[in-house]
Amino acid sequence: MNNRQEQKDASLDRAILRKENMGETYSGPAYHVAFSGTSNYLVHTGISMVSILENNRSKRFHFHLFINGIEPEDREKMEIVAHQWQCRITLYYVDDRFFKDMLHRDGIAAFFYRFLIPPVLGKEQIQRVLYLDGDIMCQNPLDDLMNIDLGDHIAACVEDTSPAYAEMRRKKVGTKAYFNSGMILIDINRWNKAGISSKAADMAIQRRASGKPLASHDQDILNILLDGHFLMVPKKYNYIYNMDMKGLFQKQEPLVYDPQAVLVHFAGIVKPWRTWVQDLPGVKTYHKFLEASPWRYVPLMGYRRHKDIHQAARHARRMGKYGKMMRLYGQYISDKFVKHD
C-alpha cells in the first residue's frame, strides 16, 4: 500500500467517535467477529452473537460492533452477554456524517460501516476477522471456517443466493464471480495492504456523484475490488434462507433448511423476528437462541405495513393454511384499497 492509500485508510478513523469495551481482556488467542449496523438492529446482532457463543462454548471470542448508538437497555444486555458467556465486546461509535457523500436514496450510512473494520482492527494488531450481517445465525462450530487456509487471498466468501442470480449480478458488475457480502472472512493485513477500504469509499463517492450508484450498496463495490482475490467457500458458511414469498404466478424457489449449515443467513425482507414465519424450521432454531439471550422478552414484530400482510398471506399459502390465507388476503385488500384511498 502506498503512502496515499495509507493516509486514506487513516482518514477512515475520523468516522469513529469513540470506543467502549465490555467483558474480559484476553491474553491468549481469540476469534474476532465484527458486526455493523444501526442502534435499532442491536437486538438482532445480540441474538446472532449468542448463537455463536452457544455453538462454540470452548472458544474465546472478541466481538467488534460498529454502531451509530445504543439504547441503555441494549447496552445493559450486551454487558450481560459479555459476562455470562465470558467474551469481550468492543463498541465503536460511528459518525454517520462521515458517509454523507456515499449515501444512496435510502440515506442509510450503516451499509458502509464495514469499510471501517479492517483499517481500525489492523491498528489493534488483529490478523483475521469474520464479518457477519446481523441477520445471520450460527448453528454449528466455526473452527473450520475461522482456521481456513486463505493462501494468497484477501478474503473468503460464499456465492450469492443461487448460481443463476450470482451469474446475473456478475455480468452486471463485470466480475469473474459474485459473492454475498453478509459473511466475509478477512485477512486484515492483505486487505489493508491492497487499500480495499479506501478504494471502496472512493468508489462509493464517485458512483453517487455520477448519479449511477451501484444497485447493491457496498456488496457490488466489494465484489469489484476483491475480484480474483477472494476464496469461494462452501455455501454452508453463508447459507441463504430467504423467506420472502413471490406472487402466485412467479417462479418460487423452494425454501430448504439445512441443519448442517454453519451460518444461516436470513436474507430478504422477511426476517425471523416477524410473527407470521414462526412455524418455519429455520426460524424455530433461531427462536432457541432468542430464548437463550437477554433479549428473550423483546416482542416479535407483527404487521407494519400492508405489504407485510401480503407476505403473511403468501406464507399461509406456502404452509397449506388456506383458510388463514383467505382471511389475510381479505385484510390486505381492505388495507390497501379501502384505508389508503
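The basis for the numbers below is simple: all heavy atoms, side chains too, and nothing from hydrogens, waters or symmetry mates.
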Chemist: Quick one, T285 with Y257, criterion side chain to side chain donor-acceptor pair (under 3.5 Å). Give me CA distance, side-chain angles, the key distance, then yes/no.
Modeler: CA-CA 10 Å; T285 303; Y257 169 61; 2.9 Å; yes
Chemist: Check whether I269 and F266 end up in the same hydrophobic cluster, where Ile, Leu, Val, Met, Phe, Trp and Tyr are linked by side-chain heavy atoms less than 4.5 Å apart.
Modeler: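 No; tracing contacts between hydrophobic side chains, which count when under 4.5 Å, never links both residues.
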Chemist: Run the side-chain donor-acceptor check on residues 151-160: report pairs under 3.5 Å with partners two or more places apart or on a different chain.
Modeler:
from	atom 1	to	atom 2	distance (Å)
H153	ND1	L150	O	2.8
D160	OD1	N180	ND2	2.8
D160	OD2	Q219	NE2	3.4

Chemist: Is the backbone N or O of Q331 less than 3.5 Å from a side-chain atom of S334, with the two atoms forming a donor-acceptor pair by type?
Modeler: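 No, the answer is negative, given that no donor and acceptor are paired below the 3.5 Å cut-off.
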Chemist: Determine whether I80 and L53 fall in the same hydrophobic cluster, where Ile, Leu, Val, Met, Phe, Trp and Tyr are linked whenever their side-chain heavy atoms lie under 4.5 Å apart.
Modeler: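 No, I80 does not connect to L53 through the hydrophobic network.
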Chemist: Flag the pair E71 and R75 as a salt bridge only when some basic side-chain nitrogen lies within less than 4.0 angstrom of an acidic carboxylate oxygen.
Modeler: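 Between R75 and E71 there is no salt bridge, as every charged N stays at least 4.0 Å from the carboxylate O atoms.
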Chemist: For residues 223-232, pull every pair meeting side chain to side chain donor-acceptor pair (under 3.5 Å), keeping only residues two or more places apart or in separate chains.
Modeler: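 Passing the test, one end in residues 223-232: no pairs.
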Chemist: Got a donor-acceptor contact below 3.5 angstrom from the R318 side chain to the M243 backbone?
Modeler: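 Yes.
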Chemist: Are V277 and M245 connected into the same hydrophobic cluster when the rule is that any two of I, L, V, M, F, W, Y join if their side-chain heavy atoms are below 4.5 Å apart?
Modeler: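 Hydrophobic grouping puts M245 apart from V277.
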Chemist: Give a yes or no answer on whether the side chain of Q84 reaches the backbone of S293 with a donor-acceptor pair at less than 3.5 Å.
Modeler: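 Pair absent, no side-chain N/O of Q84 close to backbone of S293.
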Chemist: Could you report the tightest heavy-atom contact between L116 and L12, atom names first, then the distance?
Modeler: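 In terms of heavy atoms, the two residues are closest at CD2-O, 3.5 Å.
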Chemist: So, the side chain of N55 versus the backbone of V50: is there a donor-acceptor pair under 3.5 Å, distance only?
Modeler: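 It does not hold such a pair.
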Chemist: Would you find a donor on one side and an acceptor on the other, under 3.5 Å apart, between the side chain of K324 and the backbone of A313?
Modeler: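 Not at all, since once roles are kept as given, no pair shorter than 3.5 Å links the two residues.
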Chemist: Write out all pairs satisfying salt bridge (Lys or Arg N to Asp or Glu O under 4.0 Å) with one or both partners inside residues 275-295, taking only residues at least two apart or from two chains.
Modeler: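 Sorted pair list: D279-K321.
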Chemist: Report the relative orientation of the aromatic rings in Y41 and H44; use parallel for angles under 30°, tilted for 30 to 60°, perpendicular for over 60°.
Modeler: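 Ring orientation, 0 to 90° scale: perpendicular.
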Chemist: Is it the case that the side chain of Q311 and the backbone of H306 share a donor-acceptor pair, with hydrogens and angles ignored and the cut-off at 3.5 Å?
Modeler: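 No.
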Chemist: For the residue pair R128 and M146, what are the closest heavy atoms and their distance?
Modeler: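 That would be NH1-O, 2.9 Å.
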Chemist: Please say yes or no: joined through hydrophobic side-chain contacts below 4.5 Å, possibly via intermediate residues, are V43 and L132 part of one cluster?
Modeler: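 Yes.
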Chemist: Can you sort out the partners of R274 under salt bridge (Lys or Arg N to Asp or Glu O under 4.0 Å), two or more places apart, ordered by chain and number?
Modeler: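 Result, salt bridge (Lys or Arg N to Asp or Glu O under 4.0 Å) vs R274: D308.
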Chemist: Quick check: does any side chain N or O of S48 sit under 3.5 Å from a backbone N or O of I136, one acting as donor and the other as acceptor?
Modeler: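 A pair under 3.5 Å: yes.
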Chemist: Step by step, work out the ring-ring contact (aromatic ring centres under 6.0 Å, His included) result for W85 and F61.
Modeler: CA-CA 9 Å; W85 281 274; F61 281 89; over 10 Å; no
Chemist: With the 4.5 Å side-chain cut-off for hydrophobic clustering, are L225 and M102 part of the same group?
Modeler: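 Same hydrophobic cluster.
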Chemist: Should we count CE of M232 as having more than 12 external heavy atoms under 6.0 Å?
Modeler: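 Check passes, neighbour count above 12.
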Chemist: Just say parallel, tilted or perpendicular for the rings of H64 and H62, cut-offs at 30° and 60°.
Modeler: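 It falls in the parallel class, under 30°.
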Chemist: Which heavy atom of V270 sits nearest to which heavy atom of D244, and what is that distance?
Modeler: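 So the minimum-distance heavy-atom pair works out to N-OD1, 2.8 Å.
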Chemist: Side-chain atoms of residues 161-168: list all donor-acceptor pairs with protein atoms under 3.5 Å, sequence neighbours left out, distances to 0.1 Å.
Modeler:
from	atom 1	to	atom 2	distance (Å)
S162	OG	Y165	N	3.2
E167	OE1	R170	NE	2.9
E167	OE2	R170	NH2	2.8

Chemist: Please find the pair of heavy atoms, one from P272 and one from Y286, that lie closest to each other, and give the distance.
Modeler: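 Minimum heavy-atom contact is CB-CD2, 3.6 Å.
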Chemist: So, for L255 and L280, which heavy atoms are closest and what is the spacing to 0.1 Å?
Modeler: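 For L255 and L280, the tightest heavy-atom pair comes out as CD2-CD1, 3.8 Å.
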Chemist: So does L17 get a backbone contact from the side chain of D95, meaning a donor-acceptor N/O pair under 3.5 Å?
Modeler: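 Such a contact is absent between D95 side chain and L17 backbone.
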Chemist: Could you tell me whether R207 and D202 make a salt bridge, using a distance below 4.0 angstrom between a side-chain N and a carboxylate O?
Modeler: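 Salt bridge: no.
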Chemist: Look at the rings of H310 and Y329 and say which category their plane angle falls in: under 30° parallel, 30 to 60° tilted, over 60° perpendicular.
Modeler: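 It falls in the perpendicular class, over 60°.
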Chemist: If we check side-chain contact (heavy atoms from CB on, under 4.5 Å) with Y237, which of these qualifies: D144, L130, L185?
Modeler: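 Among D144, L130, L185, the one meeting side-chain contact (heavy atoms from CB on, under 4.5 Å) with Y237 is D144.
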Chemist: Give me the one residue out of Y113, F112, F111 that meets ring-ring contact (aromatic ring centres under 6.0 Å, His included) with F115.
Modeler: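 So the option named by the test is F112.
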Chemist: Check each of I126, I117, V120 against I188 using the side-chain contact (heavy atoms from CB on, under 4.5 Å) test, and report the only one that passes.
Modeler: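 The option that passes is I126.
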Chemist: Would you please name every residue forming a ring-ring contact (aromatic ring centres under 6.0 Å, His included) with Y239, sequence neighbours left out?
Modeler: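 Per chain and number, Y239 pairs via ring-ring contact (aromatic ring centres under 6.0 Å, His included) with no residue.
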Chemist: Identify the two heavy atoms, one from S36 and one from A110, that lie closest to each other, and give their separation to 0.1 Å.
Modeler: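 Result for this residue pair: OG-O, 4.2 Å.
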Chemist: Okay, side chain of D218, backbone of R114: is any donor-acceptor separation there less than 3.5 Å?
Modeler: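 Looks like no, no N/O pair under 3.5 Å.
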